[in-house]
K.L.:
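Have a look at the structure that comes next, please.
Numbers for residues simply follow the sequence, beginning at 1. Quick caveat: nothing in here was measured; it's all calculated off a predicted structure.
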Amino acid sequence: MIAGQNPIGDFKKFELSNGLRVLLRTDHSLPLAALQVWVRCGSVDEDHRVAGIAHFMEHMVFKGNPNTRDISRIVESCGGTINAATQHELTHYYTDVPQEGLEPAVTALGEALTSPHLLAEEIEKERRVILEEMARRDDSPNAVLWDKFMGSIYEGTPYGQSVIGSRKTLCHIERRHLAEFHKKNYTASRMVAVCAGDFSERRILSLMESAFGNLPKGKEESNGLNARAFGRAGRPIVLKRPVQQGYLACGFHTPGLSNPDLVTLDVMADLLGGGASSRLYRRLREERQLLWSVGANLISYRHSGILGIFAEVPRANLDESITAIQQEMDGLEKEPVTEPEIQRAKARIRSEWLNELETLHGQASLIGHLTALGQEEIALRYLKDLETIDGSDIQATCLDILKDKPMTVAMIRPKNNSKKS
């Protein structure tokens with residue numbers, strides 16, 4: 001791919017009769033296709049009493065319906081792969097198939113998404129599967145820390161709610177809850193279908209009309225966000241676990257996807273903690289030898305975001321590492337960002353974007369994700385905006401967005417009976 005070329009701009013926009021948005025990009029270079037459906041609903045759209053229901057619904061879609069018993073088997077029999085993921089704001093269903101498998105994949109996925117077969121025995125089976133997922137997450141320090149960190153920095157908003165829910169809420173979910181959630185959220189106005197690869201536009205549109213055209217249009221509804229909580233530091237979280245090292249999560253609130261400084265914040269995050277040449281890694285890992293690993297990244301939602309810093313730390317260095325990270329953040333306001341730092345960060349980000357765009361799956365994921373959140377223009381202009389960022393932008397953005405903002409901190413400390421790091 002030529003540097004600067006952006007195949008995202010080649011996607012054509014269509015609408016089905018019910019208003020469901022369809023994005024298509026034909027590419028006949030290989031007999032392959034990526035088919036994805038993005039549903040603008042996730043854990044932030046849940047009633048807290050049934051937290052985890054969006055993820056539960058994702059599981060039930062894969063059980064198919066009376067006409068399509070097992071969509072995984074249908075797709076895999078064609079040589080393809082299929083999977084899904086539930087996030088705070090979105091649920092993402094995706095398939096990668098050879099050209100001859102695209103039509104059955106469209107039909108099977110459409111039928112399963114529009115009318116999932118919510119059989120009682122299948123619901124109980126998937127409940128057990130999700131309980132096992134929860135047990136595995138409980139054994140992962142990083143997963144436990146992430147949930148606690150999000151619960152603190154987004155306390156009082158739906159974003160603080162774990163995507164997978166809790167054992168209590170999961171056991172509360174009944175068939176009627178799933179049916180009501182599907183009826184409310186799996187509507188044409190909340191869905192985007194994306195296809196990139198070797199196909200006929202006319203044929204695929206006809207198939208999608210048959211597969212998805214019976215969905216009700218529905219309407220966009222507020223997810224009850226408490227905007228006042230954005231920008232407020234969360235309570236410090238300290239957990240003790242039988243681990244051999246410390247785990248640390250630090251973060252600051254940032255504006256959401258519509259923020260004009262989005263690209264600048266991406267560059268800031270990368271020069272702070274993107275790889276072994278970043279400030280945090282060089283200064284805290286290599287020079288001061290405070291921690292084992294450290295990284296920073298920008299996490300952006302529709303209405304809010306987080307500049308997050310995550311580290312694995314020897315037990316004796318946890319408190320000193322927190323202080324050092326805060327000092328580095330303060331230093332962004334005072335210490336000029338060098339041109340080599342900016343160029344390195346921009347080169348890393350540019351490479352990541354272009355590598356993503358090299359695949360049909362990556363193209364469909366990028367445009368589908370942003371379109372579902374009403375921010376597709378970001379995909380079209382991002383690389384151009386990236387080239388204009390300089391040191392003055394970084395410092396101005398830091399002063400404007402992060403100055404005097406308290407840092408939310410969550411950590412896992414090893415229990416005393418663990419081996420020393």
K.L.:
Could I get the full list of salt bridge (charged side-chain N to carboxylate O under 4.0 Å, His left out) partners for Glu180, not counting sequence neighbours?
P.N.:
none
K.L.:
Using salt bridge (charged side-chain N to carboxylate O under 4.0 Å, His left out) as the criterion, list what pairs up with Arg344, not counting sequence neighbours.
P.N.:
Asp270
K.L.:
For Ser321, enumerate each residue passing the side chain to side chain contact (heavy atoms under 4.5 Å, CB included) test, keeping only those at least two apart in sequence or located in another chain.
P.N.:
Leu248, Leu290, Leu291, Val313, Asn317
K.L.:
Mind checking salt bridge (charged side-chain N to carboxylate O under 4.0 Å, His left out) for Glu76 and listing every partner two or more places apart, or none if nothing turns up?
P.N.:
none
K.L.:
Return the set of residues passing ring pair (Phe, Tyr, Trp, His ring centres under 6.0 Å) with Phe310 (not counting sequence neighbours), or none when no residue passes.
P.N.:
Phe149
K.L.:
Would you mind checking if Arg282 and Glu341 are paired as a salt bridge, meaning a charged N to carboxylate O distance below 4.0 Å?
P.N.:
yes
K.L.:
Going by the rule side chain to side chain donor-acceptor pair (under 3.5 Å), which residues pair with His59 if we only count those two or more places apart in sequence or in a different chain?
P.N.:
His55, Glu126, Glu133
K.L.:
Cut-off 3.5 Å, no hydrogens considered: what does the side-chain donor-acceptor table look like for residues 371-383, sequence neighbours left out?
P.N.:
unit_1: Thr371; atom_1: OG1; unit_2: Ile367; atom_2: O; d: 2.7
unit_1: Arg381; atom_1: NE; unit_2: Asp385; atom_2: OD2; d: 3.0
unit_1: Tyr382; atom_1: OH; unit_2: Asp266; atom_2: OD2; d: 2.5

K.L.:
Determine yes or no for a side-chain-to-main-chain donor-acceptor pair under 3.5 angstrom, with His182 supplying the side chain and Leu113 the backbone.
P.N.:
yes
K.L.:
Over 60° means perpendicular and under 30° means parallel, so classify the ring planes of Trp146 and His88, tilted if in between.
P.N.:
perpendicular
K.L.:
Nearest 0.5 Å, what's the CG-OG distance between Asp147 and Ser152?
P.N.:
12.5 Å
K.L.:
Quick check on Lys346: does its NZ atom have over 12 non-hydrogen neighbours (other residues, nucleotides or ligands) under 6.0 Å away?
P.N.:
yes
K.L.:
Using the test side chain to side chain donor-acceptor pair (under 3.5 Å), find all partners of Glu124 that sit at least two apart in sequence or belong to another chain.
P.N.:
Arg127
K.L.:
Only counting residues at least two apart or in another chain, list the ones meeting side chain to side chain donor-acceptor pair (under 3.5 Å) with Gln326.
P.N.:
Asp330
K.L.:
Considering the options Leu23, Leu357, Val194, Asp10, which one meets the side chain to side chain contact (heavy atoms under 4.5 Å, CB included) requirement together with Gln363?
P.N.:
Leu357
K.L.:
Quick one: side chain to side chain donor-acceptor pair (under 3.5 Å) partners of Asn142, sequence neighbours excluded?
P.N.:
none
K.L.:
Could you pull out the closest heavy-atom pair between His253 and Lys405, with the gap in Å?
P.N.:
O-NZ, 3.1 Å
K.L.:
Can you list everything that forms a salt bridge (charged side-chain N to carboxylate O under 4.0 Å, His left out) with Arg175? Sequence neighbours excluded, please.
P.N.:
none
K.L.:
What salt bridge (Lys or Arg N to Asp or Glu O under 4.0 Å) pairs are there with at least one residue in residues 97-110, not counting sequence neighbours?
P.N.:
Glu103-Arg203
